[in-house]
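The block underneath contains the structure these notes are about, expressed in structure tokens.
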Amino acid sequence: MVASFDELKTKFIALGGWQQRYRELMLLGKELPMMANELKVDDAKVAGCESNVWMYIDFTPQEDQLLIIADSDTRIVKGLLAVILLMYRHKTPAQVVAIDAEQEFDELGLLKHLSPSRGNGIRAIVQQINAFAQQHL
Amino acid sequence: MVASFDELKTKFIALGGWQQRYRELMLLGKELPMMANELKVDDAKVAGCESNVWMYIDFTPQEDQLLIIADSDTRIVKGLLAVILLMYRHKTPAQVVAIDAEQEFDELGLLKHLSPSRGNGIRAIVQQINAFAQQHL
Amino acid sequence: MFDIEAIRSDFPALTHHQQQGIVYLDSAATSQKPQCVIDAVSHFYENGNANVHRGAHRLSSDATKGYELARAKVAEFINCHANELVWTKGATEAINLVAYGLTHRLGKGDVILISELEHHANIVPWQQLAKRSGATLRAIPVNDQGIIETKSALALIEALKPKVLAISQASNALGNIQPVHTLIKAAKAHGGLTLVDGAQSLLHLRPDVKALDCDFFVFSAHKCLGPTGIGGLYGRYPCLEALEVFQTGGEMVTKVTINEAQFNPPPGKFETGTPNIAGVLGFGAAIDYLNALELAQLRAHELQLFAYLQSQIAQFSQVRILGDLNNNIGTISFVVSGEHPYDLATLMDMEGIALRHGHHCAQPLMSALGVNGTVRVSLAFYNNKADVDAFITALANTLEMIA
Amino acid sequence: MFDIEAIRSDFPALTHHQQQGIVYLDSAATSQKPQCVIDAVSHFYENGNANVHRGAHRLSSDATKGYELARAKVAEFINCHANELVWTKGATEAINLVAYGLTHRLGKGDVILISELEHHANIVPWQQLAKRSGATLRAIPVNDQGIIETKSALALIEALKPKVLAISQASNALGNIQPVHTLIKAAKAHGGLTLVDGAQSLLHLRPDVKALDCDFFVFSAHKCLGPTGIGGLYGRYPCLEALEVFQTGGEMVTKVTINEAQFNPPPGKFETGTPNIAGVLGFGAAIDYLNALELAQLRAHELQLFAYLQSQIAQFSQVRILGDLNNNIGTISFVVSGEHPYDLATLMDMEGIALRHGHHCAQPLMSALGVNGTVRVSLAFYNNKADVDAFITALANTLEMIA
Ligand SMILES: Cc1ncc(COP(=O)(O)O)c(C=O)c1O
Ligand SMILES: Cc1ncc(COP(=O)(O)O)c(C=O)c1O
């Protein structure tokens, strides 16, 4: 498993076409811990996603970090969630809002091939995280 | 006043543009006897006309002729009714159905300048007369 | 600058009419369309054509994006939020949607107030609502010119305390611009819901729904340079939320079993079935077109033309004009004593003037004015002085002929 | 002869898709449009543009003529009289119109019968009618392939004696062609009213409403080569007469006072507001286009393509196809065990295949089949062998990738 977002980026950029990237993405998704079924409630669903996405965000003041867990019933979104979680791992709220996720995804070459409505689902997830971070700045 | 449809035709064909014909038409309409208000009931209305047209058709077996009276609240339709009444005057049912009214109006140069929906009103009147004549053949 | 000839050349039908010797003075019935609107419609069918909101593939996703972008444009044009704008097939459907949605909110003793000069679209749905709910339908009277007098209208609102006030911002039959803002304020003071029929005002007045402060506003695209078969309903969000669903089916639901369905929040709640996607895209293009024109210049041109039309028509002493000429979107509705509007309009049509006669879907107004109809000339910003001159010549010929 | 490449060249979007590397296999969502349809729409706006049924001038009169001619064409296409055809904005509105119009005819104890595989448009309006009237909504079950078994359906009709039977002639989710004629006969034997949802069948089966012997038949133009925002309701004339009015307003009335309105006979009674004139004209052109093709050849081509698709997809043992493959309009709806349709469709989309995944607005069917959705390929006569080959290649890549 990749240890950091930077490592992930290096790896992805080295990959050839979108097929290879998506294959890798789905492998990443497989490593994402499964969320307990009891947690997969409607209230935890991210609105605006085509597939089911459940997400919980918490803030640990001691470490000034966001804690995010998320899951999806689809492989691709799970993979994208894995990327997002890696991107925001060990980040303070201030660092979170400073990240240009759109740009990062661009560099990974992941959104370009995704149809706009699917891309919007990913944006909805990122926005929810950002909104949470804003409240804890 | 013109005494017969043929006389009317000769007169109309001699006239120049549509303006002169319509002027003449409205003069004809003025000579059409007014229908008593009590007769202007909804049941006597011809469906499919844009303006109000009331018409009564009768058949006198002794003379084997149709008897038509009609009126309208508009000058132009009144004029067209006058033409129609002249066209069908003293005609037996068999003669009535033999008349190609469309063709006659064409020769008079009256329908050409009338918009299709107005022309359809005139056709509705002619059809009603024809339908009546058919029943008394 | 406002270059009328350049503008006219954007409207292909105007050129075509000219070739046929026809002058179009019936914009209140439907407006002409600039080429960009026609192209937006064709472009969709020729290129992206796909269904929306079905999220399957990129064609569909692109169609959805364009469709929602048009919603945002129209919303901005009338100054509301995109989620306060419901697509309907036109103003008539929008009024029906509201009237059905209020069925359970009204009861015996409640008053629905309209005015005598409303279009049938803003009368009959309220009659039906009154029948369904037991409420009573009342109408603000007009004076013998066809004008609503603000004072007596306010007194009536005060007396009746209507639960619903539904009124047009501009009359289609006469062109009057109405004191809607004042009437809305009075109705709201008593907790009444307010609906503005903007079918005629959208093109001419570019209404701001927040400034009007109405709860609902309805309009049709085809009267505002857009395609046929599309229009909209603006509703303040809580007002939309409080309406019962109207038409039901696909898209507007979240979860369906055989016996139960859960509905989307507005505007989705009211939008079922495959929408008029091409119509929406065309309407978006119409709004782009209007946004590129300066409203003040456009309105100045319209008013100038309207003044010219009035000054010219004044030469015919037998012509009686109805309506409020001081507050008008550019419509002259007239009668000639002793003459049937049908005769006038028929002869004018033969002269190549496209105008309308009859009751203009406003029979109660015609009754109130004691006429069996009028002849109506309705201007839009794409008309020019030559159009008015052609009309005046034709009217002179007609009156001379009929005399 | 049926020259598929010549036919494809009539559809500009197919050329455009090809240039983008996209293969359109989503015709059940909406069909592509031949150039003549697009041109009919533009031609109206560029030339005649005027409102209909307002009888004022020749532009309007010409528009009305074209509009009514299109009605006659569509009526002939489905084999009914022009005055039995009501224009609506689509199939969904048509079903709502009927469901609202029957409110006063149903009561407690009455049964409305649909099937488990209906589109939400043929479910939710009946739920709402049941709520308004006190009637009960029931559904004919499907077997585990998603097929209605005629015998048990007939037994259910026998037992329930439904006042209304509403059923689709072809399923959008699975493509099944249903035994509607048999079910209608059974329902009629008990005096039930029958409605056929022809949204999917119109293009593929060219239904004859007299042969079906249904009371109502609904359809959408956009699924049958026509424009968006237009569709229709066929109703046997006495059935249309017996329906209460739905939307009200201008055009559909003969006489209006503030408190009363008299309505036109059908179809006018149901058509209020300015209609989608351009949409109607475009749909008329679509019917002309279809009439010029030989149905038998077209259907043979579709079936051949469908057989080829089946034979090719059979190589993927993990693919499970749902629905009735022996009676089908050309749709393959499938699942892959352990895979989410979203993943399959997303990867297929990236491969340039435009298809649809999800519940296809048929959630009760998905529940009955125990799946959370399917991936759906829907063919039309303008698809060719290369389209199927591209799909198969993409599916192979996708399955390989996801494994
Ligand atoms: C079987 C069926 N019925 C009804 C509809 C609804 O049609 P529309 O969305 O055009 O109103 C559809 C379209 O998705 C359908 O496939
Ligand atoms: C004032 C007014 N309200 C409502 C309508 C109805 O609009 P539509 O026919 O586009 O639904 C019209 C159009 O004739 C109108 O002029």
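None of these values were measured; they are calculated from a predicted model. Note on naming: letters A, B, ... go to the chains in the order of the sequence lines (proteins, then strands), and numbering restarts at 1 for each one.
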Less than 4.5 Å to any heavy atom of chain C: does that hold for the side chain of [X], its backbone, both, or neither?
X: D:H16; value: side chain
X: D:L14; value: neither
X: D:H17; value: side chain
X: D:V245; value: both
X: D:L137; value: both
X: D:M350; value: both
X: D:I258; value: both
X: D:S31; value: backbone
X: D:S42; value: both
X: D:I277; value: both
X: D:V256; value: both
X: D:T103; value: neither
X: D:F11; value: neither
X: D:T272; value: both

Please check if the side chain of [X] supplies one atom and the backbone of [Y] the other of a donor-acceptor pair under 3.5 Å.
X: C:E251; Y: D:C361; answer: no
X: C:Q247; Y: D:I95; answer: no
X: D:N96; Y: C:T248; answer: yes

Who wins among [options] for the most heavy-atom pairs under 4.5 Å with chain C?
options: D:A99, D:G231, D:P227, D:A139; value: D:P227
options: D:A121, D:A130, D:G358, D:G279; value: D:A121
options: D:K255, D:E116, D:M366; value: D:K255
options: D:E118, D:Q19, D:M348, D:E260; value: D:E260
options: D:T92, D:I123, D:N47; value: D:N47

Going from [atom1] on [X] to [atom2] on [Y], what distance comes out if it is rounded to the nearest 0.5 angstrom?
X: D:N259; Y: C:K131; atom1: CG; atom2: NZ; answer: 9.5 Å
X: D:Y45; Y: C:D39; atom1: OH; atom2: CG; answer: 12.5 Å
X: C:T274; Y: D:E93; atom1: OG1; atom2: CD; answer: 12.5 Å
X: D:I230; Y: C:T228; atom1: CD1; atom2: OG1; answer: 8.5 Å
X: C:L59; Y: D:D349; atom1: CG; atom2: CG; answer: 8.0 Å

When you compare the side chain of C:R356 with that of D:N51, does any pair of heavy atoms fall below 4.5 Å?
no
Given side chains that start at C-beta, do those of C:Q20 and D:R58 come closer than 4.5 Å, heavy atoms only?
no
Heavy atoms only, distances under 4.5 angstrom: which of [options] has the most pairs with chain D? Name it, please.
options: C:Q128, C:H359, C:R376; answer: C:Q128
options: C:M252, C:K89, C:Q127, C:H120; answer: C:Q127
options: C:N122, C:I22, C:V37; answer: C:I22
options: C:Y100, C:F44, C:W126; answer: C:Y100

Hey, which of C:Q35, C:K33, C:Q32 is the one that makes side chain to side chain donor-acceptor pair (under 3.5 Å) with D:E46?
C:Q35
Sort out for me which residue in D:D26, D:L355, D:T346 forms a side chain to side chain contact (heavy atoms under 4.5 Å, CB included) with C:H57.
D:D26
With a 4.5 angstrom heavy-atom cut-off, is it the side chain or the backbone of C:Y342 that approaches chain D, or both, or neither?
neither
Look at the rings of D:F246 and C:F246 and say which category their plane angle falls in: under 30° parallel, 30 to 60° tilted, over 60° perpendicular.
parallel
